[in-house]
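Structure, as structure tokens:
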Amino acid sequence: MTALPLPVADADLTPLNTFGLPARARRLLVLTSADQLRALAASPEWALAPRLVLGGGSNLIFTGDFAGTVLKVEVGGRRLMAEDEDVWIVEAGAGENWHDFVRWTLAQGWPGLENLSLIPGTVGAAPIQNIGAYGLEMAERFESLDAVELATGAARVFTAADCAFGYRDSVFKRNPGRWLVTAVRFRLPRRWAPVMRYAELARELEAQGISSPTPLQLSDAVIAIRRRKLPDPALIGNAGSFFKNPVVDVATHARLAAAHPGMPSYPQADGSVKLAAGWLIEQAGWKGRDLGPVGCFERQALVLVNRGGASGADVRRIAAAIQAEVLARFGVGIEPEPVFV
Ligand code: EPU
């Protein structure tokens with residue numbers, strides 16, 4: 001039987017969430033292998049305690065202390081699992097840093113993840129909310145993943161269909177705490193073509209005089225855009241996009257587009273229309289404004305930032321104020337992207 005690591009009692013979670021919110025956990029357990037996880041699930045005291053799984057802590061808002069066990073996943077490792085004439089299948093442990101993994105695949109000559117460069121967090125967190133940026137969603141490169149059911153310790157492989165990916169959504173997001181992801185496999189295409197459907201990315205490359213970019217050049221362009229627009233969590237606490245872009249029906253879109261000719265909108269395959277929450281928030285006058293110690297970021301209204309000393313309650317307060325203002329102005333509800341704990 002695999003030995004379990006010793007838990008840390010009364011652990012400080014402040015450095016473990018990118019928003020820098022103060023919180024403590026009754027117990028913190030750092031797991032470095034899937035075997036440890038199965039051993040943990042089999043232990044009797046485990047069954048009773050409330051628990052929370054932590055990856056990179058980049059999509060979490062702590063609103064208080066956690067009276068249970070926090071599991072920090074640090075399962076490492078990355079390798080080429082298989083290849084054929086179409087794809088490389090590459091696997092990474094859930095605890096690997098996402099961006100380091102992306103850059104490593106590019107250095108090996110395996111393209112496909114470059115549009116997702118510089119997204120904070122871990123490999124294991126990527127499928128939970130199906131991370132996406134600059135014209136690509138992780139689901140488009142996903143092969144399968146390994147997870148452990150926390151209640152039983154049973155190991156299970158999830159295919160893409162099992163994961164039921166949606167926009168910033170998956171079966172894991174809809175069943176919080178049920179499974180813990182231990183490793184993820186990606187399908188990286190040998191016949192690679194750059195994904196440049198995102199206008200801002202195309203403009204960035206054009207400005208650099210690059211017409212047919214290499215995967216590495218695309219990655220560098222994404223990094224340049226992100227550095228310009230998004231705050232670095234190492235310098236200023238934040239959780240990336242704080243709100244999801246709302247999806248509305250055709251009638252709502254038509255009403256808003258008539259009143260606001262410049263409003264960005266993205267028609268979806270199912271006939272609905274996605275709106276830009278950042279635009280709605282900016283129009284509602286919130287961009288660059290603070291409420292207490294939390295601010296609406298001056299360069300990207302979709303991001304809330306910790307100006308120093310913020311608590312989860314402060315985050316809730318400004319989020320509710322922004323939601324109310326957008327609803328009053330546009331009749332559209334916007335929902336937070338991070339998970340509140
Ligand atoms: N906009 C404004 N004001 C703002 C921000 C945006 O008017 O303050 C407008 C922009 O001009 C643009 C539109 O809104 O016309 C969309 O903005 P942008 O291209 O910056 O992308 P986004 O919709 O704000 C999404 C993702 C980001 C991802 C970018 C790039 C969500 C919730 N956010 O942001 O993801 O990096 O596209 O693909 O889908 C994240 O999820 O944490 C994240 C950063």
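Start at 1 and go down the list; that is how both ligands and their atoms are numbered.
Residue pairs meeting the ring pair (Phe, Tyr, Trp, His ring centres under 6.0 Å) criterion with at least one member in residues 49-87, sequence neighbours excluded, do not occur. Counting only residues at least two apart or in different chains, salt bridge (charged side-chain N to carboxylate O under 4.0 Å, His left out) contacts with residues 206-228 comprise Arg103-Asp220, Glu204-Arg228.
Taking the six-membered ring where tryptophan is involved, the planes of His260 and Trp279 are perpendicular, since the angle between them exceeds 60° and thus also 30°. Ring geometry for Trp179 against Phe158 counts as perpendicular: the plane angle is over 60°, on a 0 to 90° scale with 30° as the lower cut.
Of all the heavy atoms in Val73 and Ala94, the pair that sits closest is CG1-CB, 3.9 Å.
Residues forming a side chain to side chain contact (heavy atoms under 4.5 Å, CB included) with Asp65 (at least two apart in sequence, or on another chain): Ala23, Arg24.
Near ligand 1, residues Gly132, Ala133, Tyr134, Tyr167, Arg168, Tyr198, Arg226, Lys229, Gly240, Ser241, Phe243, Lys244, Asn245, Pro264, Tyr266, Ala276, Gly278, Trp279, Glu282, Lys287, Gln300, Ala301, Leu302, Glu337 come within 4.0 angstrom through at least one heavy atom.
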